[in-house]
Undergrad: 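Before anything else, here's the structure in question.
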Amino acid sequence: MFLSKHVLSSTHKALFQNLRLFSLPSNSHHVLSTHSRDTQLREALLQMALRGHDMNFQDYNTLLNECVSKRAFREGQRVHAHMITTNYFPCVFLRTRLIVFYVKCDSLTNARNLFDEMPERNVVSWTAMISAYSQRGYASQALSLFVQMLRTDTEPNEFTFATVLTSCIGSLGFVLGRQIHSLIIKLNYEAHVYVGSSLLDMYAKYGKIHEARGIFQCLPERDVVSCTAIISGYAQLGLDQEALELFRQLQDEGMQSNYVTYTSVLTALSGLAALDHGKQVHNHLLRSEVPSFVVLQNSLIDMYSKCGNLTYARRIFDTMHERTVISWNAMLVGYSKHGEGREVVELFDLMRDENKVKPDGVTVLAVLSGCSHAGLEDKGMDIFYDMTSGKIGVEPDTKHYGCVVDLLGRAGRIEEALEFIRKLPFEPSAAIWGCLLGACNVHLNVDIGKIVGHRLLEIEPENAGNYVILSNLYASAGRWEEVRSLRNLMFKKTVRKEPGRSWIELDQILHTFHASDCSHPRRKELSAKVQELSVRFKEAGYVPDLSCVLHDVDEEQKEKILLSHSEKLALCFGLIATPESVTIRVIKNLRICVDCHNFAKYISKIYGREVSLRDKNRFHRIVGGKCSCGDYW
DNA sequence: ATGGTGGTGT
């Protein structure tokens with residue numbers, strides 16, 4: 001709905017009109033006092049030993065609370081053991097507290113044993129155990145325990161619902177999630193903030209954003225969490241514009257924001273590549289003296305990188321006191337998408353040397369695709385062999401194999417790539433065949449391209465992109481008969497894909513274009529300007545690549561269609577509306593087409609402008625008629 | 001007296 005707007009001034013200008021300082025819990029107190037409290041705990045345990053049987057509920061409860069807050073496993077175990085050796089019979093409250101203690105100390109087995117041995121259970125003990133499973137990611141155990149709970153006629157309450165819903169995300173969860181929703185309505189908990197937050201989050205994560213919004217609107221009171229949940233719901237679905245619109249509105253209505261809220265806002269800004277707003281959020285965070293939480297810093301790294309500013313991203317990364325695997329991955333993905341292969345390899349080496357954080361599947365994926373995008377085939381293959389021989393500690397999955405196909409294909413080792421695919425221990429996916437088809441197209445290997453292409457059309461007949469690539473391949477080999485039959489096939493079988501859209505940020509306003517919509521106020525002027533540029537570029541050698549157009553029309557029409565591509569309009573707008581010294585930054589929601597890529601090169605060459613183009617796959621940095629992608633993307 | 005919701009990288 002908001003996406004079809006072309007001038008998005010309201011959202012963007014007003015994002016921080018209503019600046020509010022926000023506070024976060026500080027953890028410095030805890031760190032400083034650990035030592036003295038440890039002594040206290042040791043002292044208390046000594047007292048316990050001395051008192052023997054003379055311990056009551058209050059004494060045990062105090063001790064366990066200390067152990068829980070300090071995650072003091074050995075100490076808590078001693079308390080537990082003391083109950084047993086002194087024949088103390090803990091009540092349901094204490095047993096529940098013990099369960100929580102074991103959960104907090106990562107000992108689910110101990111917790112479950114205690115739960116199973118309980119002579120009586122109440123809704124709290126059930127909820128504690130269910131929550132243990134959901135927090136540790138054991139969704140099916142959490143759900144089956146919930147079902148068992150219902151069978152014992154224990155009625156769940158707002159606590160139970162809030163936690164069990166978080167386990168309804170996953171393969172079978174939605175059916176159950178809806179059933180639980182019915183039960184929530186029946187027992188009248190839908191309007192509870194915690195339950196509502198959890199519920200709307202579940203709907204959002206299944207893509208049901210309207211249901212989620214409905215639940216949010218019906219909440220009688222809102223808090224940071226419910227507001228953040230709905231904002232992040234939009235952001236996670238890529239509805240970035242809506243996420244920001246809602247953020248602004250809720251801020252006006254007095255919402256409190258915390259670091260999680262800002263993380264979600266940054267996600268939305270990354271999607272839009274709204275660098276100026278991203279900087280605003282960053283400044284805001286610095287001014288409000290927020291403790292630098294890793295999650296927030298990771299989000300900042302990703303924001304700067306997706307907004308095209310790797311230097312700032314790296315600056316955040318370098319100043320971090322603590323890094324998680326996500327910090328490394330965000331940085332590696334950033335370099336990879338910008339085609340900075342050497343930086344990828346260097347940073348990955350640093351990660352392995354430091355040996356503090358273990359790489360995961362995403363790490364290796366970023367490294368392999370970084371090598372691939374930068375043309376470092378040999379290095380990429382070395383890393384893949386390190387992986388298969390267990391040196392990295394990550395098992396390859398389908399995506400890693402896909403990267404290898406890409407590495408080989410890019411290097412023109414097409415036969416080898418095909419051999420590799422045939423030896424795979426699983427049925428190759430459409431994505432893998434697609435990689436090879438792209439390689440065949442670039443290296444003009446019609447024979448293998450034909451085999452691969454038709455295999456791909458069998459698996460994925462609805463994907464228009466496959467027809468386009470195969471058709472381009474046939475066209476470049478002059479096989480027009482095949483181009484024609486392919487085109488007919490395409491119009492019969494493909495589904496309409498997402499419409500192409502490009503945008504550019506100027507003075508904190510996003511200007512969005514797509515081919516079929518002419519509502520941008522300067523659209524006419526821009527179309528004429530694109531036309532004019534095309535003529536000028538032709539004199540310099542530009543030849544429109546008509547194979548990018550698959551419609552069955554004459555050449556003149558094809559050229560007209562090409563000139564209406566959204567990225568040309570956005571590029572052109574950048575050219576006329578920004579000063580010469582500024583990089584033209586354009587974002588495209590899909591892969592950029594060959595002709596627009598070429599057009600951008602001419603802009604950079606003729607006008608001496610630097611162009612930064614972010615498409616679905618990567619960044620293209622175009623300077624002096626040359627692109628950082630090496631014309632392979 | 002015991003239990004609960006939102007977040008970062010593909």
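Everything numeric in this text was worked out from a predicted model, so none of it was measured. Proteins come first, then strands; the chains are lettered A, B, ... in the order of their sequence lines, and each starts at number 1.
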Undergrad: Expressed in angstrom and rounded to an integer, what is the separation of A:L114 atom CG from B:dG3 atom P?
TA: 14 Å

Undergrad: Surrounding OH of A:Y138 (heavy atoms of other residues, nucleotides or ligands, distance under 6.0 Å), is the total greater than 12?
TA: no

Undergrad: When the distance from CD1 of A:I301 to C1' of B:dG9 is rounded to whole Å, what number comes out?
TA: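 Interatomic distance, CD1 of A:I301 to C1' of B:dG9: 10 Å.
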
Undergrad: Could you state the CG-P distance from A:L199 to B:dT5, rounded to the nearest angstrom?
TA: 14 Å

Undergrad: Do any side-chain nitrogens or oxygens of A:S131 fall under 4.0 Å of OP1 or OP2 in B:dG4?
TA: yes

Undergrad: Looking for any heavy atom pair under 4.0 Å, which part of the strands does A:K205 touch: base, sugar-phosphate only, or nothing?
TA: sugar-phosphate

Undergrad: Going by distance alone, is a donor N or O of one side chain under 3.5 Å from an acceptor N or O of the other, for A:H400 and A:E395?
TA: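 Short answer, no.
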
Undergrad: Are A:R222 and A:L250 side-chain neighbours, meaning at least one heavy-atom pair lies under 4.5 Å?
TA: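 SC-SC contact between A:R222 and A:L250 confirmed.
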
Undergrad: Between the base of B:dG3 and the side chain of A:N157, is there any donor-acceptor pair under 3.5 Å?
TA: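 A donor-acceptor contact between them is present.
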
Undergrad: Would you tell me if any nitrogen or oxygen in the side chain of A:R97 comes within less than 4.0 Å of OP1 or OP2 on B:dG3?
TA: yes

Undergrad: Tell me: CG of A:N258 to P of B:dG6, nearest whole Å?
TA: 13 Å

Undergrad: For a quick test of reading the model: is some side-chain N or O of A:K399 closer than 4.0 Å to OP1 or OP2 of B:dG9?
TA: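 No.
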
Undergrad: Closer than 4.0 Å, any side-chain N/O of A:Q236 to the OP1 or OP2 of B:dT8?
TA: yes

Undergrad: Nearest of B:dG4, B:dT10, B:dT2 to any side-chain atom of A:L365?
TA: B:dT10

Undergrad: Give a yes or no on whether a donor-acceptor pair under 3.5 Å exists between the nucleobase atoms of B:dT5, that is its base, and the side chain of A:S197.
TA: yes

Undergrad: Taking 5.5 Å and 30° as the limits, would you call A:Y194 and the base of B:dT5 a stacked pair?
TA: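 Stacked: centres under 5.5 Å apart, planes under 30°.
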
Undergrad: Whole angstroms only, please: what is the CZ-P distance between A:R136 and B:dG4?
TA: 11 Å

Undergrad: What's the closest nucleotide to the A:A330 side chain, out of B:dG9, B:dT8, B:dG6?
TA: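 Among B:dG9, B:dT8, B:dG6, the one nearest the side chain of A:A330 is B:dG9.
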
Undergrad: So, is A:Q135 near the phosphate of B:dG4, with a side-chain N or O under 4.0 Å from OP1 or OP2?
TA: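 Answer is yes, contact under 4.0 Å.
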
Undergrad: Hey, is the side chain of A:T96 pairing donor to acceptor with the base of B:dT2 inside 3.5 Å?
TA: yes

Undergrad: Check the distance between B:dA1's C1' and A:N122's CG and give it to me in whole angstrom.
TA: 11 Å

Undergrad: Does any N or O donor sit under 3.5 Å from an N or O acceptor when you compare the side chain of A:T263 with the base of B:dG7?
TA: no

Undergrad: Report the nucleotide, chosen from B:dG9, B:dG3, B:dG7, that has the shortest atom-to-atom distance to any side-chain atom of A:K306.
TA: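 Among the listed nucleotides, the one closest to the side chain of A:K306 is B:dG9.
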
Undergrad: What is the nucleic acid contact for A:V195, judged by heavy atoms within less than 4.0 Å: base, sugar-phosphate only, or nothing?
TA: nothing

Undergrad: Looking at A:E75 and A:K70, is any side-chain nitrogen of the basic one under 4.0 Å from a carboxylate oxygen of the acidic one?
TA: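 Result for this pair is no, no salt bridge flagged.
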
Undergrad: Give one of base, sugar-phosphate or nothing for A:T166, where a contact means two heavy atoms less than 4.0 Å apart.
TA: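 The answer is sugar-phosphate, as A:T166 gets under 4.0 Å only of primed atoms, P, OP1 or OP2.
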
Undergrad: Taking atom P of B:dA1 as reference, at what distance in whole Å does atom CZ of A:F159 sit?
TA: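 Rounding to the nearest Å, CZ of A:F159 and P of B:dA1 are 14 Å apart.
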
Undergrad: With sugar-phosphate meaning primed atoms plus P, OP1 and OP2, does A:V333 contact a base, only sugar-phosphate, or nothing at under 4.0 Å between heavy atoms?
TA: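 Touches sugar-phosphate only.
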
Undergrad: So what does A:V164 touch, heavy atoms closer than 4.0 Å: a base, only the sugar-phosphate, or nothing?
TA: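 Nothing, no heavy atom under 4.0 Å.
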
Undergrad: Base, sugar-phosphate or nothing for A:S125? Non-hydrogen atoms, less than 4.0 Å.
TA: nothing

Undergrad: Atom CD of A:Q58 to atom P of B:dA1: distance rounded to whole Å?
TA: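 Rounding to the nearest Å, CD of A:Q58 and P of B:dA1 are 9 Å apart.
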
Undergrad: Distance alone, cut at 3.5 Å: any donor-acceptor contact between the side chains of A:D302 and A:S305?
TA: no

Undergrad: Closest to the A:T127 side chain: B:dG7, B:dG3, B:dA1?
TA: B:dG3

Undergrad: Checking only heavy atoms, does the side chain of A:Y262 share a donor-acceptor pair with the base of B:dG7 at less than 3.5 Å?
TA: no

Undergrad: With rounding to the nearest 0.5 Å, note down the distance linking CD1 in A:I99 to OG in A:S107.
TA: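 Taking CD1 in A:I99 and OG in A:S107, the distance rounds to 12.0 Å.
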
Undergrad: Mind checking the SG-CG spacing from A:C307 to A:L266? Nearest 0.5 Å is all I need.
TA: 9.0 Å

Undergrad: Look at all strands and tell whether A:D302 reaches a base, only sugar-phosphate, or nothing, counting heavy atoms closer than 4.0 Å.
TA: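 Sugar-phosphate contact only.
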
